[in-house]
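Worksheet: the structure to be examined is printed underneath.
Both counts, for ligands and for their atoms, begin at 1 and track the order of listing.
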Amino acid sequence: MSIVEELESEVRSYCRTWPTEFKEAHGAILTDTSGREFIDFFSGAGTLNYGHNNDLLKQPLIDYLTSNGVTHGLDMTTSAKTEFLEVFRSRILTPRGLPHKVQFPGPTGTNAVEAALKLVRKVSGRPNVVAFTNAFHGMSLGSLALTGNADKRAGAGVPLDHVLRVPYDGFDPDVDGLALLDRMLSDGGSGLDRPGAVVVETVQGEGGVNVARVEWLQELSDLCRRHELLLVVDDVQMGCGRTGAFFSFEEAGIVPDVICLSKSISGYGLPMALVLLRPELDVWRPGEHNGTFRGNNLAFVTGAAALRAYWSDSTLEKSTGDLADQVRERLTRLAGSVGADVSVRGRGLVQGLRFAHAPTAAAVGRRAFELGLLVETSGPRDEVLKLLPPLTVDGARLDAGLTVLERAVRELA
Ligand code: PMP
């Protein structure tokens with residue numbers, strides 16, 4: 001029995017899914033201690049959009065470390081923080097005309113969501129928030145209350161409340177969730193305690209690669225304006241270029257009041273999160289929301305380097321579109337040849353294969369691992385294989401991964 005099985009809590013998960021010991025990683029390849037290589041279609045659940053140990057980010061990090069740059073400083077001003085904010089403004093906010101201010105919460109996605117929740121409740125004075133079916137926003141109690149998955153919710157051990165659940169786009173073909181919400185908010189007899197905000201993912205990653213249509217997102221934004229609800233987009237997994245543009249909502253032309261970012265914002269897999277808020281919402285008192293690890297300076301260094309390297313022009317966005325077409329085409333052909341049991345869903349470089357017979361998805365994932373590919377499942381029944389290759393993967397490597405996946409699907413579907 002390995003020390004992991006002996007000592008690490010039963011709560012461990014990915015080490016069960018992929019039972020080997022990884023030693024090195026570069027780009028889209030992970031290598032285990034026996035020297036075996038795996039193509040990575042997981043990318044740290046969307047944390048490694050620029051691949052493992054990206055050389056363009058590694059050197060600035062090494063330089064910062066060797067010059068004794070500040071590693072930890074709560075939210076004190078450091079050269080690394082100043083630099084990150086400058087680059088974030090010039091490469092991301094200004095070109096998109098976003099007036100938002102930047103809050104550094106604790107370094108995880110759920111930290112960003114908790115900060116956003118606290119803020120919208122403070123601003124609106126209303127405790128209730130709208131969240132959607134199959135949403136995933138994190139494991140701490142506030143975020144978990146927004147999360148849809150019953151198994152995850154059951155872990156809370158206390159009531160998860162102050163959330164109004166609305167069907168996401170496509171949840172039920174016969175139910176228009178937004179029309180219902182609109183009606184309920186407009187009718188004084190609906191019994192609805194007025195919510196203060198809506199929290200939404202543009203593509204639900206954990207929920208099964210459910211893609212909201214652009215028109216649906218626009219309708220949601222319009223509804224929020226009409227009913228004076230703050231719109232929070234959780235771009236923790238779909239932001240930083242996963243769907244093509246830097247923010248996943250750009251395609252819909254909407255401007256959220258609050259945006260949560262984490263995962264790939266540091267670019268290097270270092271913990272970091274941001275909350276972007278419209279300036280008029282910045283009603284925080286100094287230190288009212290805090291946390292010891294708000295200023296991960298190493299993440300600021302790699303984050304600034306990533307924005308410089310990949311978001312100074314539209315090269316990455318264009319190549320993500322091309323790679324997405326490549327994945328989509330092969331998956332569509334594969335699904336067509338396998339039959340009605342398998343369907344394709346996704347946007348940009350998050351694509352999913354959904355299996356009508358849910359257990360097949362996990363079986364294909366297991367087989368893919370044996371054949372040298374990491375790909376995980378998502379969805380309420382783990383019925384969707386979610387493909388998240390690094391955005392920087394080259395076409396040939398992407399093809400090689402798809403070939404492995406295709407073989408696994410053909411063997412099992
Ligand atoms: N929001 C979304 C959309 C996510 O996908 C995740 C993580 N999968 C989170 C929040 C939570 O992030 P973390 O695990 O870093 O707390």
Side-chain angles (χ1 to χ4, degrees), residues 11-14 17 41-49 103-118 120 129-149 151-153 155-156 160 163 168-169 197-212 217 231-243 246-249 256 258-276 291 293-294 296 299 303 346-352 374-380 382 384 386-388:
V11 78
R12 66 189 190 275
S13 59
Y14 285 113
T17 313
F41 276 11
F42 171 58
S43 299
T47 303
L48 295 157
N49 282 2
Q103 178 183 355
F104 296 112
T108 67
T110 200
N111 290 151
V113 173
E114 294 288 350
L117 280 175
K118 205 191 260 189
V120 295
V129 167
V130 174
F132 293 95
T133 50
N134 282 311
F136 185 91
H137 298 285
M139 287 287 109
S140 52
L141 288 180
S143 308
L144 192 53
L146 302 173
T147 292
N149 187 289
D151 284 348
K152 299 283 188 288
R153 293 177 67 81
L160 296 171
V163 172
Y168 192 70
D169 192 20
V198 173
V199 184
V200 68
E201 301 155 271
T202 62
V203 178
Q204 295 180 323
E206 304 304 317
V209 193
N210 306 316
V211 181
L217 292 169
L231 178 60
V232 181
V233 170
D234 177 348
D235 234 4
V236 164
Q237 186 163 155
M238 296 304 150
C240 304
R242 179 49 62 186
T243 63
F246 184 81
F247 294 110
S248 69
F249 52 80
V258 179
I259 302 155
C260 299
L261 283 179
S262 183
K263 292 203 190 264
S264 274
I265 187 63
S266 83
Y268 206 75
L270 295 169
M272 176 173 175
L274 296 182
V275 180
L276 308 178
F293 289 106
R294 276 169 295 160
N296 184 347
R347 179 154 82 83
L349 258 187
V350 49
Q351 295 288 331
L374 305 186
V375 58
E376 78 164 333
T377 56
S378 74
D382 280 324
V384 178
K386 180 175 67 167
L387 282 66
L388 289 177

Open item on the list: Under a 3.5 Å distance rule, please check whether Arg153 uses its side chain to pair with a backbone N or O of Thr147 as donor and acceptor.
Closed with: yes
Open item on the list: I'd like the contact residues of ligand 1, where contact means a heavy atom below 4.0 Å.
Closed with: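 For ligand 1, the contacting residues are Thr108, Gly109, Thr110, Phe136, His137, Gly138, Glu201, Glu206, Asp234, Val236, Gln237, Lys263.
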To check you understand the geometry: which heavy-atom pair defines the closest contact between [X] and [Y], and what is its length?
{"X": "Asp235", "Y": "Thr202", "result": "OD1-OG1, 4.4 Å"}
{"X": "Ala115", "Y": "Pro105", "result": "CB-CB, 4.1 Å"}
{"X": "Ala299", "Y": "Ser266", "result": "CB-CB, 3.7 Å"}

Open item on the list: Please report the interatomic distance CG(Asp382) to CG(Asn149), rounded to the nearest 0.5 Å.
Closed with: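 Answer for the CG-CG pair, Asp382 versus Asn149, is 8.0 Å.
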Open item on the list: Can you see whether Glu376 engages Tyr14 through a side-chain donor-acceptor pair at a distance of less than 3.5 angstrom?
Closed with: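 Result is yes, a qualifying pair exists.
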